[in-house]
Amino acid sequence: VTELDDLTTRMREFTQARDWVRFHDLKSLTLALTGEVGEVAELVQWLPVGVVPDGELWQRLGDELADVLLYLVRLADVAGVDLGQAALAKLARNEERFPAGTYRSVAPERR
Ligand SMILES: [Mg+2]
């Protein structure tokens, strides 16, 4: 997936230019990713169900989702995982596991 490859390369260059590679072990990146997911949760935790934020909150949500994606891309790179290929393979397995004809409008865990 070209866009993910580009992000991976940009994040690798960003990290190398700052001599931060030595800080980017799997544990530290996983904790950083988790922290960013927490920042997303903090923004939406008290929104009524079904409400999509707008204005400044929407902008901040985009920033935090970007942080999540950038750390995820970096974590996959350090782990040697081709994130685009892994995601496509997982989606294909989920499509087989949860056929639309069987699972339409039914939460998987309720079957
Ligand atoms: Mg953040």
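Computation of the quantities below employed the complete heavy-atom set of this structure, encompassing side-chain atoms and omitting hydrogens, waters and symmetry-equivalent molecules. Just so you know, ligand 1 is whichever comes first in the structure, and atom 1 is the first atom listed for that ligand.
Note on Glu36: its N/O/S atom closest to the Mg ion (ligand 1) is OE1. Looking at Glu39 and the Mg ion (ligand 1) together, the shortest N, O or S contact belongs to OE1. The name of the N, O or S atom in Glu64 nearest to the Mg ion (ligand 1) is OE1. Per residue Asp67, closest N, O or S atom to the Mg ion (ligand 1): atom name OD2.
More than 12 non-hydrogen atoms from other residues, nucleotides or ligands lie less than 6.0 angstrom from CD of Gln45.
Geometrically, Arg18 engages Phe14 in a cation-pi contact, judged by NZ or CZ lying under 6.0 Å from the ring centre and within 45° of the ring axis.
A salt bridge links Asp77 to Arg74: at least one charged side-chain nitrogen sits closer than 4.0 Å to a carboxylate oxygen.
For the 3.5 Å distance criterion, the side chains of Asp25 and Ser28 qualify, holding a donor opposite an acceptor.
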